[in-house]
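Right, one structure below, let's go through it.
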Amino acid sequence: MVWTGTWVSDRLGIELAGDDELRGLLGLALRRNPKRAHLLVSGVLGKHVPQLPSVVHGHGVTLGRRVRALLGPEEAARAVVLGYAETATALGHAVADGLETAPYLHSTRRPVASVPSAGGFEESHSHATSHLLLPEDPAFFDRGGEAGRGPLVLVDDEFSTGNTVLNTLRDLHARHPRDHYVIVALVDMRAPGDAGRLAAFAEETGARVDVVAHARGTVRLPEDVLARGLRLVEEQDGRTADPLVPCAPAVAPVRLELGWPAGLPDGGRHGFTPDHRARLREVLPAMAARIVDGLGGPGQAGRVLVLGFEELMYAPLVLARALEEAGLDVRFSTTTRSPVLAVDDPGYAIRTRLAFPAHDDPADGPGERYAYNVAGGGFDTVLAVVDSAADTPALHAPAGLLAQLATAAPRVALAVVPAHTPVPRTPDRQEPPVLPAPLRGPDFSSYEPDDVGWLLQDLSAVRLEAPVEEREEAVQRGGAHYAESLPVEYQPTEEYQELYRDALAGSAARIARAVGTVTELVLAERSPRPVLVSLARAGTPVGVLMRRWARHRHGTELPHYAVSIVRGRGIDANALRWLAAHHDPADVVFVDGWTGKGAITRELADALAGFPGFDPEIAVLADPGSCVRTYGTREDFLIPSACLNSTVSGLISRTVLRDDLVGPHDYHGAKFYRELSGSDVSRDFVAAVEDRFDEVADAVDQQVKEAASADRAPTWEGWAAVERISEEQGIHDVNLVKPGVGETTRVLLRRVPWKILARRGAGADLAHIRLLAEQRGVPVEERDDLPYTCVGLIHPRYTRGATGADGKAVGSA
């Protein structure tokens with residue numbers, strides 16, 4: 001037998017080293033992905049390679065039994081299992097089957113309006129990076145009884161760099177800290193350095209972290225493998241074309257009725273309990289019998305492929321397993337989002353591909369989907385199993401999945417599983433009939449009362465400030481969330497204030513031009529009467545200026561409110577309820593100051609999934625990260641309001657979200673620093689920019705005209721740059737990389753900085769950055785290849801010992 005990684009290994013020098021069974025579990029293919037050249041193709045996962053259902057399910061069950069033996073019966077009874085979309089959804093289910101008593105949830109890329117997100121994370125090397133966690137039961141992650149939260153078992157098909165797992169652990173440990181995590185994978189392919197980062201997480205949090213895998217090894221990659229892999233994909237594309245031409249099938253697919261029980265979830269997207277598992281086992285034989293009868297009996301079905309659909313892997317798998325037990329010759333695999341090169345060679349893991357349009361109206365827009373190793377597999381029947389959300393006209397179209405399958409097998413059948421729609425759970429207590437009215441100046445903030453209404457609660461009387469170093473240590477060790485306290489407000493020196501005044505004088509016209517451009521785009525493209533909702537607090541000065549522009553240029557008084565959004569916790573749901581009760585959500589336009597890598601853009605999109613009618617697209621003054629399509633400029637320049645904290649933002653602190661202060665029917669909190677009124681420049685900043693409105697009016701008209709015909713689609717260049725810098729600097733956490741002048745300023749004012757990367761020759765835009773860095777003893781490295789004017793790096797291994805006796809940050813070690 002030729003190893004199915006030979007073709008790639010011979011051409012790119014990629015090697016698998018480790019346990020003897022690795023080559024029996026894995027082959028190699030080439031991704032169509034600029035982030036990673038190779039794909040480890042599992043022969044036992046049931047994703048890219050059709051396999052016996054008993055083999056696919058059995059590998060997961062075996063892993064689950066090993067986890068049960070590791071934990072012991074009592075701890076296993078308290079455990080919860082989390083799998084990764086899309087590849088490991090069925091594997092995670094099977095691990096939960098092996099544990100027997102554990103509820104199961106898998107991440108998803110399909111938002112559901114009725115289910116608020118319980119978290120999320122990024123899979124940096126993936127073509128589709130964002131994962132949502134949408135349990136129907138809000139207490140899913142808190143299972144464990146009086147002894148506290150039980151172990152969390154995270155399941156993925158492969159454990160390579162460990163970045164995805166670490167992103168998940170950090171997110172979930174901040175929300176639901178626990179003492180024990182178990183990482184489960186078919187193969188553990190981490191390099192020694194990657195293994196050390198998981199151990200560091202365990203040491204930082206005090207949690208035990210175990211790894212369970214069928215086989216261990218590592219992938220040896222030449223330094224230039226990514227560039228060579230991309231060239232090889234281009235060469236192969238030039239030699240061969242897809243051999244399949246879309247066409248309508250000669251015979252319509254056979255639709256089979258499963259008799260799926262009402263109320264039984266189709267899988268773990270919103271949670272799958274042991275009771276669900278028992279119910280499914282009861283009804284599987286009858287559903288399998290209906291399939292066999294619908295195919296004309298055992299003698300007529302021939303060689304059968306049961307083909308699942310992206311995240312919907314478990315239901316098709318157990319149906320295929322039931323058909324196998326009934327005596328049919330069955331294999332199992334699923335469709336996928338992953339674009340992979342197909343090469344018809346015995347030494348290559350992906351021999352053929354079928355390409356077709358997405359057919360479930362995905363939230364991230366239309367795109368191509370794939371079924372690998374189906375054509376040429378010798379199947380007499382292909383049974384496609386999809387959920388009802390994917391049973392659309394696109395599925396049945398001449399270029400759709402069913403038509404493509406008809407080119408690969410004599411007979412195609414379709415079975416549809418009802419997509420589970422969770423029923424929103426309401427709290428026992430009744431919601432208050434009326435939410436509080438917005439706070440306004442002068443009682444809360446130094447802005448004019450009409451400039452902004454703050455949908456916040458006043459926590460001015462509560463002591464919330466803590467030294468920056470203590471906050472950083474608590475946040476990075478998982479003991480606190482950054483929104484649970486406030487940094488001590490930075491009091492600028494006279495030298496720093498002079499820099500601010502010079503920056504404002506030099507950039508007021510440029511800011512006015514950006515304010516006018518973004519406001520005119522909002523009026524032309526979003527709503528003629530928009531309701532501006534700024535994300536407190538960096539977005540608030542921008543919202544005030546946009547409101548002033550609309551009044552100055554059009555005589556229009558736009559409503560403007562400020563709301564809280566917290567990374568990892570989402571937007572203030574009560575503020576959204578107030579807005580929905582007083583305005584049309586379709587008119588709401590969210591406003592922020594700038595984009596860095598786009599984290600808040602993603603956070604807002606996730607948070608609004610449960611609030612229909614609101615548009616998640618943010619309008620920003622500056623979009624250097626290329627993360628939005630409504631912006632004033634994409635230059636990374638100094639916006640002077642980023643130089644200061646509350647004294648340029650109405651004397652309002654950043655927002656606070658803490659359980660003992662913010663109840664289920666309260667707005668998020670913030671403080672009004674009345675005592676800093678002598679240093680307040682909030683109104684002066686707005687006035688200085690507003691004074692330039694007439695001067696820039698013609699330039700704004702020209703920019704809006706150019707923008708209307710330009711391609712402003714987000715490219716997410718900022719996110720890609722941050723990922724690269726994170727790896728180059730050995731940080732391995734994009735949350736510690738803060739790109740752009742505004743974000744770098746925040747790092748120096750509020751966090752424990754490690755170093756600053758600055759574009760060589762950046763000039764006056766970085767004068768205040770250099771001064772702050774000098775005051776805090778932070779090194780500034782000049783770079784020629786920086787896509788931003790500057791990037792701030794938060795100290796990646798912070799403890800109190802990371803500052804010297806003088807309180808200044810140490811250099812990198």
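Although no hydrogens or angles enter the test, the distance criterion places no donor-acceptor pair under 3.5 Å between the side chain of Arg31 and the main chain of Ser338. No donor-acceptor distance shorter than 3.5 angstrom exists from the side chain of His59 to the backbone of Val44, with no hydrogens or angles considered. A donor-acceptor contact shorter than 3.5 Å links the side chain of Asp19 to the backbone of Arg216. Between the side chain of Thr352 and the backbone N or O of Ala375 there is at least one donor-acceptor pair closer than 3.5 Å. Judged by distance alone, with hydrogens and angles left aside, the side-chain atoms of His38 form no donor-acceptor pair with the main-chain N or O of Leu30 at under 3.5 Å. The main-chain N or O of Arg712 is found under 3.5 Å from a side-chain atom of Arg634 such that the two form a donor-acceptor pair. In this structure a side-chain-to-backbone donor-acceptor pair under 3.5 Å is missing from Thr381 to Arg411. Trp3 contributes a side-chain N or O that, together with a main-chain N or O of Leu26, makes up a donor-acceptor pair within less than 3.5 Å. Checking side-chain atoms of Ser107 against main-chain N and O of Ala85 turns up a donor-acceptor pair under 3.5 Å. Judged by distance alone, the side chain of Arg351 and the main-chain N or O of Asp345 form a donor-acceptor pair under 3.5 Å.
Using cut-offs of 30° and 60° for the angle between ring planes, the His359 and Phe309 rings count as tilted. Between His57 and Tyr314, the ring-plane angle classifies as tilted under the 30° and 60° cut-offs.
Atom OH of Tyr370 is separated from atom NE2 of His48 by 11.0 Å, given to the nearest 0.5 angstrom. Atoms CG and CG, from Leu28 and Leu12 in turn, are 9.0 Å apart once rounded to the nearest 0.5 Å. A distance of 5.0 Å separates OG in Ser333 from CG in Leu307, rounded to the nearest 0.5 Å. Atom CG of Leu317 sits about 4.5 Å away from atom CZ of Phe332, to the nearest 0.5 Å. Interatomic distance, CD of Gln236 versus CZ of Arg11, reported as 7.0 Å (0.5 Å rounding). One finds the CZ atom of Arg109 at 7.0 Å from the CD atom of Glu311 (value rounded to the nearest 0.5 Å).
Scanning all heavy atoms of the two residues, the minimum distance from Met313 to Gly46 falls at CE-O, 3.8 Å. Considering all non-hydrogen atoms of both residues, Gly92 and Val81 come closest at O-CG1, 3.8 Å. Across every non-hydrogen atom of Ala96 and Arg277, the tightest pair is CB-NH2, 3.4 Å. Residue Gly400 comes nearest to Pro357 through the heavy atom pair CA-CD, 4.2 Å, listed as atom of the first residue, atom of the second, then distance. Considering all non-hydrogen atoms of both residues, Gly98 and Arg65 come closest at O-CG, 3.8 Å. Contact detail for Gly308 and Pro316: the closest heavy-atom pair is CA-CG, 3.7 Å.
A salt bridge links Glu324 to Arg321: one of the charged nitrogens lies within less than 4.0 Å of a carboxylate oxygen. Ion pairing between a basic and an acidic side chain is recognised when a charged N comes within 4.0 Å of a carboxylate O; Arg369 and Glu310 show such pairing. The residues Asp194 and Arg197 are annotated as salt-bridged, a charged nitrogen and a carboxylate oxygen being separated by less than 4.0 angstrom. Between Asp360 and Arg110 there is a salt bridge, since a side-chain N of the basic residue sits under 4.0 Å from a carboxylate O of the acidic one.
Proximity of Val292 to Leu328: side-chain heavy atoms (C-beta onward) are separated by under 4.5 Å at one or more points. Counting only heavy atoms from C-beta outward, the side chains of Val386 and Thr335 never approach each other to under 4.5 Å. Using a 4.5 Å heavy-atom cutoff, the side chains of Val219 and Leu16 are in contact. Looking at Val49 and Thr4, their side chains never come closer than 4.5 Å, going by heavy atoms from C-beta outward. With a 4.5 Å cut-off on side-chain heavy atoms, Leu154 and Thr168 count as touching. Here the side chains of Leu133 and Leu172 are in contact, with some heavy-atom distance below 4.5 Å. Counting heavy atoms from C-beta outward, Leu295 and Ile291 have side chains that approach closer than 4.5 Å. Proximity of Leu341 to Ile350: side-chain heavy atoms (C-beta onward) are nowhere separated by under 4.5 Å.
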Can you check side chain to side chain contact (heavy atoms under 4.5 Å, CB included) on Val153 and Val212, steps first, answer last?
CA-CA 10 Å; Val153 181; Val212 175; over 6 Å; no
Evaluation steps, side chain to side chain contact (heavy atoms under 4.5 Å, CB included), between Leu284 and Met287:
CA-CA 5 Å; Leu284 271 174; Met287 287 195 287; 4.2 Å; yes
Please determine whether side chain to side chain contact (heavy atoms under 4.5 Å, CB included) holds for the pair Val737 and Gln729, giving the CA-CA distance in whole Å, both sets of side-chain angles, and the decisive distance to 0.1 Å.
CA-CA 10 Å; Val737 180; Gln729 297 290 326; over 6 Å; no
Stepwise salt bridge (Lys or Arg N to Asp or Glu O under 4.0 Å) check, Lys47 with Asp157:
CA-CA 10 Å; Lys47 173 54 73 172; Asp157 57 316; over 6 Å; no
Are Arg66 and Val184 close enough, and set up right, to give a side chain to side chain contact (heavy atoms under 4.5 Å, CB included), and what steps lead you there?
CA-CA 10 Å; Arg66 288 178 56 187; Val184 180; over 6 Å; no
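Under a cut-off of 6.0 angstrom, the local environment of CG in Asp10 is crowded, with over 12 non-hydrogen atoms contributed by other residues, nucleotides or ligands. Under a cut-off of 6.0 angstrom, the local environment of CZ in Arg783 is crowded, with over 12 non-hydrogen atoms contributed by other residues, nucleotides or ligands. Residue-environment remark: CD (Glu728) exceeds the threshold of 12 foreign heavy atoms within 6.0 Å. Around the CG atom of Asp344, the shell of radius 6.0 Å holds more than 12 heavy atoms that belong to other residues, nucleotides or ligands.
Residues forming a side-chain contact (heavy atoms from CB on, under 4.5 Å) with Leu226 (at least two apart in sequence, or on another chain): Ala37, Leu230. A search for ring-ring contact (aromatic ring centres under 6.0 Å, His included) contacts involving Tyr104 returns His93, not counting sequence neighbours.
Thr336 and Glu86 share a side-chain donor-acceptor pair at under 3.5 Å.
Partner of Phe356 under the side chain to side chain contact (heavy atoms under 4.5 Å, CB included) criterion, chosen from Leu402, Leu395, Leu401: Leu401.
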